[in-house]
Amino acid sequence: MIFSPDSRLPYNNKDDNMTEVRVRIAPSPTGICHIGVARAAMYNWIFARHCGGKMILRIEDTDAKRNIEGALESIVDGLAWLGIDFDEGPYYQSQRLDRYNEIIDDLIKQDKAYIDNDPEKGDCVRLRMPEGRMEYTDIILGDSGWDMGLLDDLVIRKSDGWPTYNFAVVIDDHDMRISHVIRGLEHFSNVSKQMAVYRALGWEPPQWAHFPLLMGPDGKKLSKRRDYSQFHIYSSIEDFRKAGYLPQTLVNFLMLIGWSPGDDSEIMGIDEIVKCFTLERVVKTNSQMNGEKLVWMNGKYIRSYKPEDLLELLLPFIAAAGYDVEKFDRKWLVEVVALYQDSISLLAEFCEKAKYFLDDEIEYSEKALNKHLRKGDAREILAETLEAMEVLENFDEESIERVLREVAAKHEVGFGKVAQPLRVAVTGDAVSPGIYETVALMGRARALKRIKNALNII
RNA sequence: GCCCCCAUCAUCUAGCGGCCUAGGAUGCCAGAUUCUCAGUCUGGACACGGGGGUUCGAGUCCCCCUGGGGGUACCA
């Protein structure tokens, strides 16, 4: 990512080739990398990459009161994590005041704009709106129009000297030679205002594409304040990352909301999406986020990794859970990961599920103890299992299986009657991966110690 | 209030007049695999908001209603 100190643009761009695809996102640096910003960035970036065009970052920072320190970095970082980068920028609106004023003054000279005196608010500049109906076409929504008589003369310069949003956007998009404005539906009604500015300036407007809005998992409007964690949904990219989502999951999932490739493909990598993405296939309806499908998809991606690669992704989560990552044998950890790869859907789940591998001491679930160890001859069976395991030459999966089968045969009980007591004894709970793998990987010392301990407390 | 946009299973979607007794995915239910859980596989239930048209024929086109969303600032 490049941050050029002087990011003002050349004003004259008449000679440039306007057929080049150039798109942008224009966030305000007012907070974290919100899911809405990420989605807009994804549409623009994917469209740019599909067309071989350029992706540009512009910062709308004219409202100094709202600017937050570090917000730009967190937005750029969040997008980078998703795989979104920029070819140009960031350009700052705050550095382009001269350019806006030059155009406003010229508009006044031509009597296309005028100074409006308001005794209370001060002088502002308004653009004379055209008469009649303005027609325009949106790539996603189709033909539309607006009765311009409904609009007041648009304020283009506020009394504080700054241009208004709808004016600055037009100047910026033109100067940056933006070919397609791809943004959320909340901006749709700005088109008429911006078209009026394009017309006054005699400039060619870009192509418009307004994608529908993302609704919360509760079906209501997405709110920054609300906590959606019960739905496995978050409002910031950073929170998705912390919850253990993979970036490719988020990209895949978010793109499949509001767009489809046309066939039945569901699990799609970003390259594949770039290849077949078209704005025409973006749907027109608002859509609700479904956390269950998101979790499912993340599980699919988790299962697609080789265990050693998955471990690399898991390491930060293991460290964040308070473990000293260095104290574990790396190869052994890979095996633990392999054991759990099928049963986790979020990276953050690993430590909780595999805690009896990571912790020295385990906690026993009373319920599991009662159900599997304090019933029938479970205690006797476990004690016998312990005895047989103590004399095992090789403490490996095959040997352990043999022991369990022998014990089961001797007592004439099902395999579960032997496996479950053992499982509870070594893990503390009635649920774990396969019992031989679990016990073998745990190691002889740990397993035997835990069995003895269990026999003591039941 | 006014303006604009939208409308297929619970959810995300396919469908661009006959291929639709509406397809896929998640979730849900059942079965298989099995030492528990998960995973995987197989099967099942679940939708064209309502009413008028147009047409030989409408989920697909038109109108109305209803519902949802967005916008109506000297915010962005």
Side-chain angles (χ1 to χ4, degrees), chain A residues 26-28 30 60-63 65-66 93 116 118 120-126 138 140-142 144-147 149-152 154-169 184-193 210 212-213 215 217 219-221 231 253-267 280-281 283-297 299-300 302-303 339-345 353 368 371-372 401 404-405 408 414-424 427 429-438:
Chain A
S28 300
T30 54
E60 314 222 319
D61 58 348
T62 53
D63 192 349
K65 296 183 292 291
R66 290 174 48 171
Q93 281 193 332
D116 179 26
D118 186 311
E120 281 174 30
K121 296 178 188 165
D123 292 352
C124 70
V125 177
R126 287 182 186 269
D138 188 280
I140 296 167
L141 298 173
S144 190
W146 198 279
D147 181 0
L150 257 22
L151 258 30
D152 287 339
L154 183 71
V155 173
I156 57 178
R157 180 160 63 206
K158 299 180 276 182
S159 55
D160 65 5
W162 284 96
T164 55
Y165 167 78
N166 278 308
F167 180 76
V169 163
L185 197 58
E186 73 269 24
H187 287 286
F188 189 60
S189 51
N190 287 330
V191 173
S192 51
K193 295 174 187 172
H210 291 84
L213 270 18
M215 309 300 283
K220 298 201 188 92
K221 197 181 143 178
F231 301 102
F253 176 77
L254 252 17
M255 285 311 292
L256 243 34
I257 284 182
W259 173 83
S260 81
D263 57 22
D264 290 335
S265 305
E266 290 269 346
I267 302 291
E280 286 78 4
R281 288 201 63 84
V283 303
K284 298 174 166 185
T285 52
N286 290 170
S287 38
Q288 198 175 316
M289 281 192 276
N290 180 337
E292 287 164 335
K293 185 162 185 173
L294 180 61
V295 168
W296 164 79
M297 191 177 275
K300 279 281 185 191
I302 282 180
R303 270 162 249 133
L339 217 47
Y340 280 92
Q341 188 157 14
D342 278 352
S343 49
I344 60 170
S345 295
K353 294 214 174 190
K371 184 167 180 195
H372 299 288
E401 177 173 7
L404 299 189
R405 298 252 176 239
F415 192 77
K417 291 284 183 204
V418 180
Q420 281 305 83
L422 176 58
R423 170 170 282 120
V424 175
T427 71
D429 207 345
V431 174
S432 86
I435 191 67
Y436 339 125
E437 296 93 316
T438 302

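Everything quoted here is computed from the prediction, not taken from an experiment. Each chain gets a letter, A, B and so on, in the order its sequence line appears, and its residues count up from 1.
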Between B:rG71 and B:rA14, how far apart are the two P atoms, rounded to whole Å?
24 Å

Within this structure, what is the NZ-to-C1' distance between A:Lys417 and B:rU36, rounded to whole angstrom?
13 Å

Which whole number of Å gives the distance between the C1' atom of B:rC19 and that of B:rU11?
28 Å

Contact class for A:Gly434 vs. all strands (heavy atom < 4.0 Å): base, sugar-phosphate, or nothing?
base

Spell out, as yes or no, whether a donor-acceptor pair under 3.5 Å connects the side chain of A:Ser287 to the backbone of A:Ile257.
no

Once each nucleotide of nucleotides 70-76 of chain B is scored for protein heavy atoms under 4.0 Å, what B/S/- sequence comes out, 5' to 3'?
SS--BBB

B:rA7 to B:rG49 separation - C1' atoms, rounded to the nearest Å
8 Å

Give the rounded distance in Å between these two atoms: CE of A:Met297 and C1' of B:rU13.
12 Å

B:rC29 versus B:rG52 - spacing of their P atoms, nearest Å
39 Å

Checking all strands, does A:Lys371 fall into the base, sugar-phosphate, or nothing category for heavy-atom contacts under 4.0 angstrom?
nothing

Taking OP1 and OP2 of B:rG68, is either one under 4.0 Å from a side-chain nitrogen or oxygen of A:Thr285?
no

Tell me the closest heavy-atom pair linking A:His210 and A:Leu141, and the distance in Å.
O-CG, 4.0 Å

Between B:rU26 atom P and A:Met255 atom CE, what is the distance in whole Å?
20 Å

Who is the Watson-Crick or G-U wobble partner of B:rU54, with both distances under 3.5 Å?
none

Taking atom P in both B:rC16 and B:rU55, compute the distance separating them and give it to the nearest angstrom.
23 Å

Below 4.0 Å: OP1/OP2 of B:rU13 and any side-chain N or O of A:Arg281
no

Applying the 3.5 Å cut-off to both distances, the Watson-Crick or G-U partner of B:rU72 turns out to be B:rG1

In this structure, how many angstroms lie between the C1' atom of B:rA38 and the CD1 atom of A:Ile435, rounded?
15 Å

With rounding to the nearest 0.5 angstrom, report the CG to NZ distance, A:Leu339 to A:Lys353.
12.0 Å

Are any side-chain N or O atoms of A:Arg281 and backbone N or O atoms of A:Ser260, one a donor and one an acceptor, separated by less than 3.5 Å?
yes

Distance check needed: B:rG24 C1' versus A:Ile267 CD1, whole Å only.
13 Å

Rounded to whole Å, how long is the line connecting atom CE of A:Met289 with atom C1' of B:rG69?
15 Å

The reported gap from NE2 in A:His372 to NZ in A:Lys417 (rounded to nearest 0.5 angstrom) is 8.5 Å

Considering the options A:Lys193, A:Gln93, A:His187, which one meets the side chain to side chain donor-acceptor pair (under 3.5 Å) requirement together with A:Tyr165?
A:His187

For a quick check of understanding: with a heavy-atom distance under 4.0 Å over all strands, which category does A:Val283 fall into, base, sugar-phosphate or nothing?
sugar-phosphate

A correct 5'-to-3' footprint of nucleotides 27-34 of chain B, with B, S and - meaning base, sugar-phosphate only and no protein heavy atom under 4.0 Å, is S-------

Reading nucleotides 59-64 of chain B from 5' to 3' and marking B where a protein heavy atom lies under 4.0 Å of the base, S where only the sugar-phosphate is that close, and - otherwise, the string is ------

If each of A:Lys220 and A:Lys353 is mapped to the nucleotide of RNA chain B with the nearest heavy atom, which maps nearer the 5' terminus, i.e. the 5' end?
A:Lys353

Could you walk me through whether A:Thr164 and A:Asn166 pass side chain to side chain donor-acceptor pair (under 3.5 Å), step by step?
CA-CA 6 Å; A:Thr164 55; A:Asn166 278 308; over 6 Å; no

Where the side chain of A:Tyr436 is concerned, which of B:rC35, B:rU36, B:rG23 is the nearest nucleotide?
B:rC35

Could you check A:Leu150 against A:Gly262 and say which one's nearest nucleotide on RNA chain B is further toward the 5' end?
A:Leu150

Between A:Gly414 and A:Ala408, which heavy-atom pair has the shortest distance, and what is it?
O-CB, 4.3 Å

Taking only side-chain N and O atoms of A:Ser345, does any of them lie within less than 4.0 angstrom of OP1 or OP2 on B:rA38?
no

So for A:Glu266 and B:rG24, does any side-chain atom that can act as donor or acceptor lie under 3.5 Å from a complementary atom in the base?
yes

Rounded to the nearest Å, what distance is computed from the CG atom of residue A:Leu294 to the C1' atom of nucleotide B:rA25?
14 Å

Quick one: look up who B:rA25 pairs with, Watson-Crick or G-U, both distances under 3.5 Å, and put none if it's unpaired.
B:rU11

Quick one: label A:Phe253 by what it contacts on the DNA or RNA (base, sugar-phosphate, nothing), any heavy atom closer than 4.0 Å.
nothing

Point-to-point distance, once rounded to the nearest 0.5 Å, from CD of A:Glu60 to OG of A:Ser28
5.5 Å

When rounded to the nearest 0.5 angstrom, what distance separates CD1 in A:Ile344 from CD1 in A:Ile302?
4.5 Å

Flag yes if more than 12 heavy atoms outside A:Lys371 fall under 6.0 Å of its NZ atom; otherwise flag no.
no

Working to the nearest 0.5 angstrom, can you tell me the gap between A:Glu186 CD and A:Lys221 NZ?
9.0 Å

Regarding A:Ser144, tell me which of base, sugar-phosphate or nothing describes its non-hydrogen contacts under 4.0 Å with the strands shown.
sugar-phosphate

Counting heavy atoms from C-beta on, name the nucleotide in B:rA38, B:rC6, B:rC35 closest to the side chain of A:Ser343.
B:rA38

When the P atoms of B:rA47 and B:rU8 are compared, how many Å lie between them, rounded to an integer?
14 Å

Interatomic distance, A:Leu422 atom CG to A:Thr427 atom OG1 [nearest 0.5 angstrom]:
9.0 Å

In whole Å, what is the span from the CG atom of A:Leu256 to the C1' atom of B:rC12?
7 Å

Might you point out which heavy atoms bring A:Ile140 and A:Val283 nearest each other, and give the distance in Å?
CG2-O, 3.8 Å

Partner of B:rA45 under the Watson-Crick or G-U wobble criteria, both distances under 3.5 Å, comes out as none

With a 4.0 Å cutoff (strictly under), does any side-chain N or O of A:Lys284 reach OP1 or OP2 of B:rU13?
no

For A:Ile435 against A:Arg423, the heavy-atom pair lying closest together:
N-NH2, 3.4 Å

